[in-house]
Structures are given as C-alpha cells and as structure tokens.
Amino acid sequence: MASKSPPEIIKIGLGVFFGIIVVLLVVLYLNTLSRSEQDIYINNDEEPIILPSPGTKGELSLEEAIVARRSVRVFRPDELDYAQVSQLLWAAQGITDEATGHRAAPSAGATYPLELYYIDSKGVYRYNPSENLLEPLKSGDYRSDLASAALGQNFISQAPAAIVISAVYERTTSGYGRARGERYVHIEAGHAAQNIHLQAVSLGLGSVPVGAFNDNQVKRVLSLPENNEPIYIIPVGMPN
Ligand SMILES: Cc1cc2nc3c(=O)[nH]c(=O)nc-3n(C[C@H](O)[C@H](O)[C@H](O)COP(=O)(O)O)c2cc1C
C-alpha cells in the first residue's frame, strides 16, 4: 500500500478533527433542545406569583409539632394564604443556604431531583425554589381530577390545596445508577414530605400523605413532563 504524503495525512487528520467537533456540537445542541423541552413548565400567559419570604421562627417547638402531627382528611374550606403556602413549600424544598444552593431537605449528592406542584381552587402551579415563586401552569380547579386520579379519595377535592411531590429521577440516577438512585429519590421525597407535615402542624394546619394514586392520571392532571414522575400527593388545609 502506498504511504500517504505528510500533507495528505494532515488533511485527513484535520478532517477527522473537525468531524468530531461537528458531531460534538450537534450532540450538545440536541441535548440543549431536549432539556429545554423538559424544563418548560411555565404558562407564559400568566404572571408568576411572588411568595412572601418564609420565616424561620414558629409558635411550636419541633417536639410539639411531632407529637401533634396526625393525618388529617377533613378540612375547612378556607383557602390558604400565600404566607402559609410559601412556608409549606419552603419547608420542603426552599433554599436554606444561598451560598451553596442547598435546600431545606437533604438530597443525595445535592442532585435535587424533586419538583413541587401546588394545586388550589384557582389552578396548578410549579414551585420555583430559587426565586420563591409559583409558576402558573394551568388555571381552573383541578382538585376533583386529582381526587379521581387518587382512586377517588374524595378528601383531596375537599382540601383547599394539595402539594404534589414529583421527581426527575435522572438527576440522581445519572450519578448513582438506577436502583440506588431511585432509592435515594424516594428517601428524599420522604424527607421533604415530613417537613411539609411538621410545618403544617406548626402553622395550625393539617395534612395527609397520599401514596395511592394512578401515576399516569396524576401526570395528566398536572401536565407533568414525560420524565417527571409523581411520588406523593399531600392535601393540606385547616383541620375541621
Ligand atoms: C407512604 C404512605 C402512603 C400513604 N398513602 C395514603 C393514602 O393513599 N391515603 C390515605 O388516606 N392515607 C395514606 N397514608 C397515611 C397513613 O394512612 C397514615 O400515616 C397512618 O394511618 C398513620 O396515621 P398518622 O399519619 O395519623 O400517624 C399514607 C402514608 C404513607 C407513609
């Protein structure tokens, strides 16, 4: 086989090099596209709701909140005010260290797979922890649809509000592998949920964890992106 002259080899090398660069750029572009698709949560027709800053002093001791917490399934119809909403969502996923971005509940490797949705008589919202606001997704009262998705547990439609904890698993499984990562996500959802329950007690509210629901139906009610799976529904309100 005739050997290539040096300029030809340089040409081939440059061709391969630029080929690799082009492939890398295409992969990066496709990745950006799919990420931005996954991250579209905001209904741009409506302004986000800026929540009041959460407080760090409460009326009850932690021990009093633990002993008083019981699952509540009968609620008064009174709507929550935004100070209460802010406090509940912050307790689950609020930023508690501005320097690191770390949140109120621990997270394996600080991968933060959880997303929070807030549903009341007016609409469905996504909680944005870094800006402490609610991003409107859908307007209208979807509480009955959520109750139907939860195997007809009607107290969900009677509660003034519900918080849904969901997860984008790959944020955690990409580093820890599927089995371990999924386990970590579920543990983390428990941390966040318990913070909501105890914060509710501390605010004089009641809540109940609901794990019995049809995942796909809940996804449809909330219009969750494909890679975002619901884990917990937590109805919350003033106990009756
Ligand atoms: C993972 C999990 C799933 C649950 N799912 C439901 C549910 O779908 N519906 C419901 O009414 N309660 C549900 N509960 C609440 C339990 O029934 C409740 O915690 C239990 O009866 C103990 O009562 P307590 O929470 O008042 O201490 C669930 C609790 C857990 C931990």
Side-chain angles (χ1 to χ4, degrees), residues 32-56 79-143 146 160-172 174 185 188-197 199-200 203 205 207 218-236:
T32 315
L33 268 188
S34 69
R35 239 186 308 125
S36 60
E37 257 169 35
Q38 288 158 9
D39 287 344
I40 293 172
Y41 296 96
I42 304 179
N43 168 1
N44 284 316
D45 298 341
E46 280 189 58
E47 289 295 309
I49 297 166
I50 299 163
L51 294 169
S53 296
T56 51
E79 300 271 345
L80 303 189
D81 63 42
Y82 284 128
Q84 293 170 318
V85 176
S86 173
Q87 202 64 45
L88 290 164
L89 296 169
W90 169 85
Q93 282 294 280
I95 308 289
T96 48
D97 184 339
E98 291 292 340
T100 60
H102 287 189
R103 301 186 185 182
S107 175
T111 49
Y112 299 112
L114 303 183
E115 294 283 331
L116 297 184
Y117 292 84
Y118 181 74
I119 298 99
D120 65 10
S121 64
K122 294 183 285 302
V124 177
Y125 309 84
R126 173 184 173 264
Y127 177 54
N128 176 329
S130 43
E131 294 175 71
N132 194 38
L133 46 82
L134 291 178
E135 298 169 348
L137 295 180
K138 292 165 95 167
S139 45
D141 190 348
Y142 288 89
R143 291 172 301 163
L146 197 58
I163 296 167
V164 173
I165 300 178
S166 70
V168 179
Y169 282 89
E170 64 249 29
R171 290 181 194 158
T172 305
S174 61
V185 170
E188 189 170 329
H191 290 302
Q194 186 70 359
N195 281 6
I196 293 173
H197 298 309
Q199 180 68 78
L203 294 171
L205 300 170
S207 61
V218 171
K219 280 181 89 160
R220 273 199 295 280
V221 173
L222 302 183
S223 302
L224 293 186
E226 191 47 48
N227 65 342
N228 189 344
E229 297 294 334
I231 297 178
Y232 246 148
I233 300 172
I234 303 180
V236 59

Q. Is the shortest heavy-atom distance from the side chain of Val85 to the side chain of Tyr127 under 4.5 Å?
A. no
Q: Check for a donor-acceptor pair, side chain of Lys219 on one end and backbone N or O of Glu226 on the other, with a separation under 3.5 Å.
A: yes
Q: Among Asn132, Asn128, Leu134, find the one that has a side chain to side chain contact (heavy atoms under 4.5 Å, CB included) with Leu89.
A: Leu134
Q | Thr96 side-chain N/O to Arg103 backbone N/O, donor-acceptor pair under 3.5 Å | A | yes
Q. Do Leu224 and Pro230 touch side chain to side chain, with heavy atoms closer than 4.5 Å?
A. yes
Q. OH of Tyr112 to CD1 of Ile95: how many Å apart, nearest 0.5 Å?
A. 7.5 Å
(Q) Between Ser207 (side chain only) and Ile234 (backbone N and O only), is there a donor and an acceptor less than 3.5 Å apart? (A) no
**Q.** Separation between CD1 of Ile163 and OH of Tyr117, rounded to the nearest 0.5 Å
**A.** 13.5 Å
Q. In chain order, what residues pass the side chain to side chain contact (heavy atoms under 4.5 Å, CB included) check against Ala161, with sequence neighbours excluded?
A. Leu80, Tyr118, Asp120, Val236
(Q) Quick one, Gln93 and Glu115 - any side-chain contact, counting heavy atoms below 4.5 Å? (A) no
Q. Got Val124 and Val164 here, is their nearest side-chain heavy-atom distance under 4.5 Å?
A. no
Q: Start with the C-alpha gap between Thr56 and Trp90, add the side-chain angles, then the distance that decides, and say whether side chain to side chain contact (heavy atoms under 4.5 Å, CB included) holds.
A: CA-CA 10 Å; Thr56 51; Trp90 169 85; 4.1 Å; yes
**Q.** Derivation and outcome, side chain to side chain donor-acceptor pair (under 3.5 Å), residues Ser107 and Glu188
**A.** CA-CA 6 Å; Ser107 175; Glu188 189 170 329; 2.9 Å; yes
Q. How many angstroms lie between atom CD of Glu170 and atom CG of Asn228, to the nearest 0.5 angstrom?
A. 9.0 Å
